[in-house]
Every structure is written in structure tokens, then in C-alpha cells.
Engineer: 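Submitted below is the structure of interest, expressed as C-alpha cells.
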Amino acid sequence: GGNAETARNDFQAKLIGVGTEDFEGETGSANGTALQFAGSAGNITATLSAPGAGSSFSSSGGAGRFATSGTTYLEGVQSGFTINFSQAVAALGFYGTDIGDFNGQVTVATTGGVNLDFTVNNTVNAPNGSLLFWGLIADDASETFTSISFGNTNVGSDFFGFDDLTVGDINQVAPVPLPAGMLLLGSALAGLGFARRRA
């Protein structure tokens, strides 16, 4: 709810017919999980790689992390994970829970096309159980990517939950007049929201 939901609704309004993965039915380790999203010309498939301990699916809330829809979410993310897509992706957004209560920030890196690095502007030293939505949308095919990696600036101390991953291809980006550059949408923790553009 709140600013995070507003940010997600704004993100979704700029897209057409995208698919969202809510992880319902997933159990155990997240490493090697096959994902599928509705694309403009058939499904976009993907593989989630989360080597090492920590990243697994959970259907019980705990320690401030929770599902944002349904009952299942990716739990205990600390050392990061990567998602490799079967085709170029132009839009990606997600809900994060319990980020920053131990001073960590989520990092995002795209590769396989445009190579960009972001640090999610989540609140550091946030309250336990905080919620944010963060997403990015490419303006054109030159800004698409086939892989995205999520990291954590405080590995081993700050854990976060991850849910409702939305993905779309360039033909699912609504044709709206925007200045050049990739659009970033997000809602920081503790009720602070923002929407900005990369220069």
C-alpha cells in the first residue's frame, strides 16, 4: 500500500499486457528456478540463479519480510541473485520488503545489451518490515537487456524479501512522449516516494 503501491501502479500504467511472477507454488531453494512472463509475441522465459545459502522461497512471513500478493515470496536474499532472460527485456519492476533495516541497499545491474548499474534509493536504517517498489522502463530497443543481477551493499547483515516481479519487452512499453533516457520508478521506505529519470 501507500507510496509503494502508487509507484507500482504508475509503472504498470506505462506498460501493455506484461506478466508478473508472484512465485506462488515455488518451494525450497531459488537457484535454478524457471520463470515465465507474458511477452508481446509469446512468453518470455527466464532462469533465476541464486548460488549459495540464503535465497529460498517461503510462504510464512518472518523477520519483517513478507509476500506482497498471495503467500509466497523470495526470502532471505542477502548475497544476491541473477535472472537471465530468453529475449531482450525493456521493463522490470519488483516489490522489496524489509530492505535497509540493517543499513543495506539493493544494487541492480543490467547486462546483455545495455549495461547499467543502479543503487536502489531505499531508506537506510529503515523500520523493520518496510516496503518499496522499484522499476525501470527502456525508451527504445537500445536500452534493453537480457540479464539482471540484484545485490546487497550489506551482505550477511541485511536481508530482504522480493515479490511480484513484472517483466516486459519493448513492444509492451506504452508509446508515450518522454524525454530520452531510461525511466526509473521507485518508492523509498518509510513513506518517501520518488520518480526520476537518468540523464
Engineer: In sequence, state the C-alpha distance, the side-chain angles, and the governing distance for Q12 and F133, and then conclude on side-chain contact (heavy atoms from CB on, under 4.5 Å).
Structural biologist: CA-CA 11 Å; Q12 295 276 15; F133 180 85; over 6 Å; no
Engineer: Give me the atom names and distance for the closest heavy-atom approach of I137 to F11.
Structural biologist: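 Nearest heavy atoms, I137 then F11: CG1-CE1, 3.6 Å.
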Engineer: What pair of heavy atoms forms the shortest contact from T68 to L131, and how long is it?
Structural biologist: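 Between these two residues, the closest heavy atoms are CG2-CD1, 3.7 Å.
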Engineer: Apply the test side-chain contact (heavy atoms from CB on, under 4.5 Å) to residues V173 and K14: give CA-CA distance (whole Å), side-chain angles for both, the deciding distance (0.1 Å), then the verdict.
Structural biologist: CA-CA 6 Å; V173 176; K14 294 171 175 57; 5.9 Å; no
Engineer: Assigning hydrophobic clusters by single linkage (Ile, Leu, Val, Met, Phe, Trp, Tyr; side-chain heavy-atom cutoff under 4.5 Å), is Y73 placed with V120?
Structural biologist: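 As far as the 4.5 Å side-chain criterion goes, V120 and Y73 are not connected within one cluster.
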Engineer: Backbone N or O of G96 within a donor-acceptor pair of the N122 side chain at under 3.5 Å?
Structural biologist: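 Not confirmed, N122 side chain does not pair with G96 backbone.
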Engineer: Determine, stepwise, if the pair D164 / S69 fulfils side chain to side chain donor-acceptor pair (under 3.5 Å).
Structural biologist: CA-CA 7 Å; D164 290 324; S69 69; 2.6 Å; yes
Engineer: Is a side-chain N or O of D101 found less than 3.5 angstrom from the main chain of N128, in a donor-acceptor match?
Structural biologist: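 No, because the side chain of D101 does not come within donor-acceptor range (under 3.5 Å) of the backbone of N128.
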Engineer: For the residue pair E24 and T71, what are the closest heavy atoms and their distance?
Structural biologist: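 E24 and T71 have their closest heavy atoms at OE2-N, 3.0 Å.
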Engineer: Under the side-chain contact (heavy atoms from CB on, under 4.5 Å) rule, what do S149 and V108 come out as? Steps first, then yes or no, please.
Structural biologist: CA-CA 6 Å; S149 295; V108 180; over 6 Å; no
Engineer: Please report the shortest heavy-atom distance between N121 and Q105, naming the atom on each side.
Structural biologist: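 So the two residues come closest at CA-NE2, 4.3 Å.
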Engineer: Less than 6.0 angstrom separating the ring centers of W134 and Y95, yes or no?
Structural biologist: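 No, the ring centres sit 6.0 Å or more apart.
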Engineer: Check whether F102 and I99 end up in the same hydrophobic cluster, where Ile, Leu, Val, Met, Phe, Trp and Tyr are linked by side-chain heavy atoms less than 4.5 Å apart.
Structural biologist: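 Not linked; separate clusters.
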Engineer: Going by atom type alone, with no hydrogens or angles, which donor-acceptor pairs under 3.5 Å involve a side-chain atom of residues 34-48 and a protein atom two or more places apart or on another chain?
Structural biologist:
| from | atom 1 | to | atom 2 | distance (Å) |
| --- | --- | --- | --- | --- |
| S40 | OG | D169 | OD1 | 3.0 |
| S40 | OG | D169 | OD2 | 3.0 |
| T45 | OG1 | S86 | OG | 3.2 |

Engineer: If only side-chain N and O atoms count, and only distance matters, is there a donor-acceptor pair under 3.5 Å linking T146 with Q87?
Structural biologist: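 Their side chains do not contain a donor-acceptor pair, so the 3.5 Å distance test is not met.
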Engineer: Looking at every non-hydrogen atom in both residues, tell me the closest pair between S55 and G80 and how far apart they are.
Structural biologist: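 Answer, listing the atom of S55 first, then G80: OG-O, 4.4 Å.
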Engineer: F150 vs F162, test: side-chain contact (heavy atoms from CB on, under 4.5 Å). Steps then yes/no.
Structural biologist: CA-CA 10 Å; F150 296 86; F162 184 91; 3.9 Å; yes
Engineer: Keeping to residues at least two apart or across chains, list the salt bridge (Lys or Arg N to Asp or Glu O under 4.0 Å) pairs with something in residues 60-70.
Structural biologist: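 Matches after skipping sequence neighbours: R65-E75, R65-D98.
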Engineer: Compute whether any side-chain donor of one residue and acceptor of the other, for S147 and N84, lie under 3.5 angstrom apart.
Structural biologist: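 Checked: S147/N84 side chains pair up, N/O donor to acceptor below 3.5 Å.
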Engineer: Could you tell me if T107 and T119 have a donor-acceptor pair between their side chains, going purely by distance under 3.5 Å?
Structural biologist: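 The answer is no; no qualifying pair exists.
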